[in-house]
Amino acid sequence: MKGNRIIGTGMGLPSRVVTNEDLAKIVNTTDEWITTRTGIKERRIAEDHETTSDFSALAAENAMEMAGIGPEEIDLIIVATLSPDRLLPSTACLVQGKIGAKNAACFDLEAACSGFVYGLAVANGMMPDLGVRTALVIGAETLSRVLDWTDRNTCVLFADGGGAAILRHEGNVDRGILSTYLRADGSAPPPWLAVEPGVADLNPLSEYGSRDFAIRMEGREVFKFGVRALPDAVHGALKLTDGLTIQDVDWIIPHQANVRIIEAAAKSLDIPYERFVVNLQKYGNTSGGTIPIALDEANRDGRIKEGDIVALSGFGAGLTWAGAIIRW
Ligand code: ACO
């Protein structure tokens with residue numbers, strides 16, 4: 001192991017809560033359908049003036065406070081997002097400006113719902129060899145801006161907000177990131193999970209911001225993929241450790257897409273559901289945001305204790321999936 005440890009976590013969420021009952025007023029759905037099919041009860045949705053860089057900056061401030069560091073100590077900012085504020089500059093640069101991390105290199109990373117784990121892996125790889133001692137890795141979204149609010153297949157699932165982790169190179173310690181495992185399959189048909197109008201692609205930029213510029217999803221195909229990918233990400237990352245097995249894992253922090261996907265993964269991994277951190281009932285699917293939000297929640301409420309083995313597992317559009325094993 002490289003001796004890179006998470007020394008602080010944080011989340012940044014919109015304050016506006018939208019319940020299933022609220023959604024039933026705008027599309028043909030019910031609280032009962034959403035709860036039984038997904039587990040989601042409510043989610044946070046941005047106000048018009050709020051953006052991904054706002055949630056990112058708030059999450060970063062909270063993580064820095066926990067870590068007890070100042071912004072000038074950060075050498076690298078990675079924002080994993082599929083809903084950047086703008087095409088350019090990167091959201092990471094906007095966050096740098098907002099928090100005053102003037103010494104940081106900054107870039108965005110797009111791996112959809114696997115983005116935070118991808119980001120953690122990239123930061124881990126850059127530490128310390130590329131001069132990075134302290135990295136800020138963020139997963140954050142404003143998915144409400146890329147939803148068709150007349151499409152009940154998607155608008156009940158996705159939400160806004162993000163989380164952050166501060167990673168520090170401590171060298172000769174026995175805690176920190178033990179392994180990362182990154183996978184992708186670009187051969188899946190895009191309609192499974194995509195925003196169809198492109199930017200430099202087939203469709204003109206004028207569609208940006210229109211109802212067509214929205215996430216479309218083949219729910220059943222994505223469901224089947226998630227049920228396979230979540231356990232594979234955990235097993236794949238475990239295989240890259242020095243002999244840890246699923247029995248050694250204290251907590252699994254999965255991408256929060258659907259409680260039924262997590263239940264199926266618990267069965268196939270043969271571990272109790274109680275070892276999963278699940279909070280999608282409160283926050284819905286914030287794509288790149290779900291894993292760092294859940295990590296921060298379980299870190300702050302004391303569920304994750306020093307020395308625990310924590311497995312992160314992300315899966316999403318691309319298709320992409322990714323796992324990480326951490327000794328806390
Ligand atoms: N309210 C009421 N009915 C609905 C709604 C809704 N919000 N959405 C769909 N339905 C209807 C469908 O139209 C369908 O009706 P029909 O039979 O008359 O055509 C019916 O409900 C059943 O649809 P199914 O597709 O069978 O429902 P399913 O049990 O598969 O649940 C769901 C749908 C929740 C989307 C599920 O497939 C799922 O969770 N898939 C994975 C989604 C996911 O994880 N996405 C994100 C992962 S990647 C990422 O995060 C970027």
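We count ligands from 1, going down the list as the structure has it; atoms in each ligand are counted the same way. Computed from a predicted model, the values in this text were never measured in an experiment.
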Contact region, Phe223 to ligand 1, non-hydrogen atoms below 4.0 Å, reads both

closest protein heavy atom to atom 48 (S) of ligand 1 is Leu193 CD2, 3.3 Å

When distances are taken from atom 25 (O) of ligand 1, the protein heavy atom at minimum range is Arg220 NE, 3.2 Å

ask   = Short check: is a protein heavy atom less than 4.0 Å from atom 39 (O) of ligand 1?
value = yes

The residue among Glu297, Glu42, Gln256 that forms side chain to side chain donor-acceptor pair (under 3.5 Å) with Lys282 is Glu297

**Message:** Below 4.0 angstrom, counting only protein heavy atoms, does anything approach atom 30 (O) of ligand 1?
**Reply:** yes

_Under a 3.5 Å threshold, yes or no: a donor from one side chain and an acceptor from the other, between Asn299 and Thr9?_
yes

Check: of Ile261, Val222, Thr320, min heavy-atom distance to atom 47 (C) of ligand 1 comes from Val222

Would a search of protein heavy atoms around atom 34 (C) of ligand 1 find one under 4.0 Å away?
yes

Side-chain donor-acceptor pair present, Thr142, Thr52, cut-off under 3.5 Å: yes

| said: Looking at Glu263 and Arg260, is any side-chain nitrogen of the basic one under 4.0 Å from a carboxylate oxygen of the acidic one? | reply: no

When rounded to the nearest 0.5 Å, the distance separating CG of Leu136 from SG of Cys106 is 9.0 Å

Looking only at protein heavy atoms, what sits closest to atom 44 (O) of ligand 1 is Ala257 CB, 3.1 Å

When distances are taken from atom 10 (N) of ligand 1, the protein heavy atom at minimum range is Trp33 CZ2, 3.4 Å

| Exercise: do Thr19 and Lys41 side chains pair donor with acceptor under 3.5 Å | no

The closest protein heavy-atom partner of atom 18 (O) of ligand 1 is Arg152 NH2, 4.9 Å

Side chains of Asp160 and Ser144 only: does a donor on one sit below 3.5 Å from an acceptor on the other? yes

the protein heavy atom lying closest to atom 9 (C) of ligand 1 turns out to be Asn153 OD1, 3.1 Å

When distances are taken from atom 49 (C) of ligand 1, the protein heavy atom at minimum range is Cys113 SG, 2.5 Å

among protein heavy atoms, the one nearest atom 1 (N) of ligand 1 is Thr29 OG1, 2.6 Å

Note: heavy atom closest to atom 23 (O) of ligand 1, options Arg37, Glu218, Glu221, Arg260, belongs to Arg37

ask   = Could an N or O of ligand 1 be found under 3.5 Å from any N or O of Val156, whether backbone or side chain?
value = no

